[in-house]
Amino acid sequence: MASLGRQKSNNLDKGLGKGKPEVVNIATFALLFSEIVQYCQNRVSTVPELQNRLAELGQHVGSHLLDVLLLREKGYKRELKLLNLLLFIKSNFWKTLFGREADKLELANDDERTYYLIEKEPIVNKFISVPKDKGSLNCAAFTAGILESVLNGANFPAKVTVHWHKGTTFMIKFDESVIARDKLIEGR
């Protein structure tokens, strides 16, 4: 006779509801990320190529994160306004990924399509020792890829680049259609 006792549940049977996100050990993350950087570095010859490769890998991660985070944090309600989405990314999204909010979010003075998300010490740069011949390397290009994928997946097409300024600055340049749509929504 078969036992009617409790069956083991596996991860695929569990819901994606508001569970407490699992925290990854920082040493484990550092080791894994340094291996990702080394893997990419062995397949390119210049710093821009390396940053592009890291951004591509980040885009794969970001494409999977958006739906899970929107479900957990917002009950699967997508943002329609640009500023609300950027504030969600600066706070909830950044907290989920890195354990704390991003340091600053700024609008460019001369361009309404450009925003800056500033992180003084990104965790992805913390444990990477950059050789002198690759001094301009910013491994936060991986995070820029995640961010770009999330924005594009949320229907806010943008290009995200990473720069050394005030720590690390993610320059987010939105498509003109995003600004036009946002103005239309505000006009209601």
Side-chain angles (χ1 to χ4, degrees), residues 24-70 82 85-86 88-90 93-179:
V24 176
N25 179 298
I26 193 74
T28 305
F29 172 79
L31 177 64
L32 178 62
F33 190 69
S34 69
E35 288 297 319
I36 289 171
V37 172
Q38 287 177 34
Y39 173 84
C40 292
Q41 185 176 351
N42 291 335
R43 285 155 179 76
V44 298
S45 55
T46 66
V47 171
E49 287 176 345
L50 177 55
Q51 287 187 172
N52 286 339
R53 182 69 63 105
L54 288 171
E56 287 171 8
L57 290 174
Q59 287 178 353
H60 290 291
V61 173
S63 67
H64 293 65
L65 280 175
L66 178 64
D67 290 331
V68 172
L69 285 176
L70 285 175
L82 176 60
L85 178 68
L86 287 171
F88 171 75
I89 288 172
K90 179 191 179 290
F93 182 79
W94 220 258
K95 266 187 208 175
T96 301
L97 281 181
F98 305 115
R100 64 184 190 83
E101 282 190 22
D103 294 320
K104 279 186 181 178
L105 175 65
E106 296 177 356
L107 172 63
N109 293 332
D110 57 346
D111 185 6
E112 65 183 349
R113 294 175 42 204
T114 304
Y115 285 81
Y116 303 107
L117 188 65
I118 300 167
E119 182 71 19
K120 289 181 182 139
E121 285 188 57
I123 196 165
V124 293
N125 287 341
K126 202 172 206 171
F127 302 103
I128 302 295
S129 54
V130 178
K132 291 185 194 266
D133 65 323
K134 294 186 180 9
S136 64
L137 173 64
N138 192 331
C139 291
F142 179 78
T143 307
I146 293 173
L147 190 53
E148 183 174 317
S149 180
V150 165
L151 291 168
N152 290 329
N155 201 23
F156 289 83
K159 179 69 180 149
V160 180
T161 54
V162 65
H163 305 276
W164 290 109
H165 179 69
K166 298 180 182 179
T168 293
T169 298
F170 300 93
M171 185 173 84
I172 307 166
K173 185 106 173 156
F174 288 99
D175 189 73
E176 191 63 48
S177 65
V178 173
I179 304 305

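All residue numbers in this chain count up from 1 along the given sequence. Note that the structure is a prediction, hence the values are computed from the model and not measured.
Here the two rings, on Trp94 and Phe170, have centers that are under 6.0 Å apart.
Panel note: side chain Asp175, backbone Phe156; no donor-acceptor pair is recorded below 3.5 Å. A distance-only check finds a donor-acceptor pair linking the side chain of Ser34 to the backbone of Ala30 [under 3.5 Å]. A donor-acceptor pair under 3.5 Å is absent between the side-chain atoms of Glu148 and the main chain of Lys159, judged by distance alone. Judged purely by atom type and a 3.5 angstrom limit, Ser149 has no side-chain atom pairing as donor or acceptor with the backbone of Gly145.
Here the straight-line distance linking atom CG of Asn125 with atom CG of Leu137 works out to 7.5 Å at 0.5 Å rounding. Atom-to-atom distance recorded for Leu65:CG and Thr96:OG1 is 8.5 Å, nearest 0.5 angstrom. The line from CG of Leu85 to CG of Leu151 is 6.0 Å long, rounded to the nearest 0.5 Å. The structure places CG of Leu31 at 12.0 Å from CD1 of Ile26, a figure rounded to the nearest 0.5 Å. Between atom SG of residue Cys40 and atom CD of residue Glu49 there is a gap of 11.5 Å, rounded to the nearest 0.5 Å. If you take CG on Leu117 and CD1 on Ile89, they are separated by 8.0 Å, rounding to the nearest 0.5 Å.
Surrounding CD of Glu121 are at most 12 heavy atoms belonging to other residues, nucleotides or ligands under 6.0 Å away. Within a 6.0 Å radius of NE2 in His64, other residues, nucleotides and ligands contribute 12 heavy atoms or fewer. Counting heavy-atom neighbours within 6.0 Å of Asn109 CG, excluding the residue itself, gives a total of 12 or less.
In this structure, Ser136 has no side-chain hydrogen bond (donor to acceptor under 3.5 Å, both in side chains) partners at least two apart in sequence or on a different chain. Residues satisfying the side chain to side chain contact (heavy atoms under 4.5 Å, CB included) test with Lys173, not counting sequence neighbours, are Asp111, Arg113, Thr114.
Scanning both residues, Leu66 and Gly153, for their nearest heavy atoms gives CD2-C, 3.4 Å. The nearest pair of heavy atoms linking Ile118 to Lys166 is CG2-O, 3.5 Å. Taking each heavy atom of Gln51 and Val162 in turn, the nearest pair found is NE2-CG1, 4.4 Å. Smallest separation of non-hydrogen atoms from Cys139 and Leu54: CA-CD1, 4.0 Å. The two residues Gly62 and Val150 have their closest heavy-atom pair at O-CG2, 3.7 Å.
Salt bridge status for Lys90 with Glu106: absent, with no side-chain N to carboxylate O gap under 4.0 Å.
In this structure, a donor-acceptor pair under 3.5 Å is absent between the side chains of Gln59 and Ser63.
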Trace of the side chain to side chain contact (heavy atoms under 4.5 Å, CB included) decision for Leu82 with Ile179: CA-CA 8 Å; Leu82 176 60; Ile179 304 305; 3.9 Å; yes
Glu119 and Arg100: CA distance, side-chain angles, deciding distance, side chain to side chain contact (heavy atoms under 4.5 Å, CB included) verdict: CA-CA 10 Å; Glu119 182 71 19; Arg100 64 184 190 83; 2.5 Å; yes
Derivation and outcome, ring-ring contact (aromatic ring centres under 6.0 Å, His included), residues Phe33 and Phe142: CA-CA 10 Å; Phe33 190 69; Phe142 179 78; 5.3 Å; yes
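Using bins of under 30°, 30° to 60° and over 60° for the plane-to-plane angle, the ring pair Phe93/Phe88 lands in the tilted bin.
Put simply, the side chain of Val178 does not reach to within 4.5 Å of the side chain of Asn155, judged on heavy atoms.
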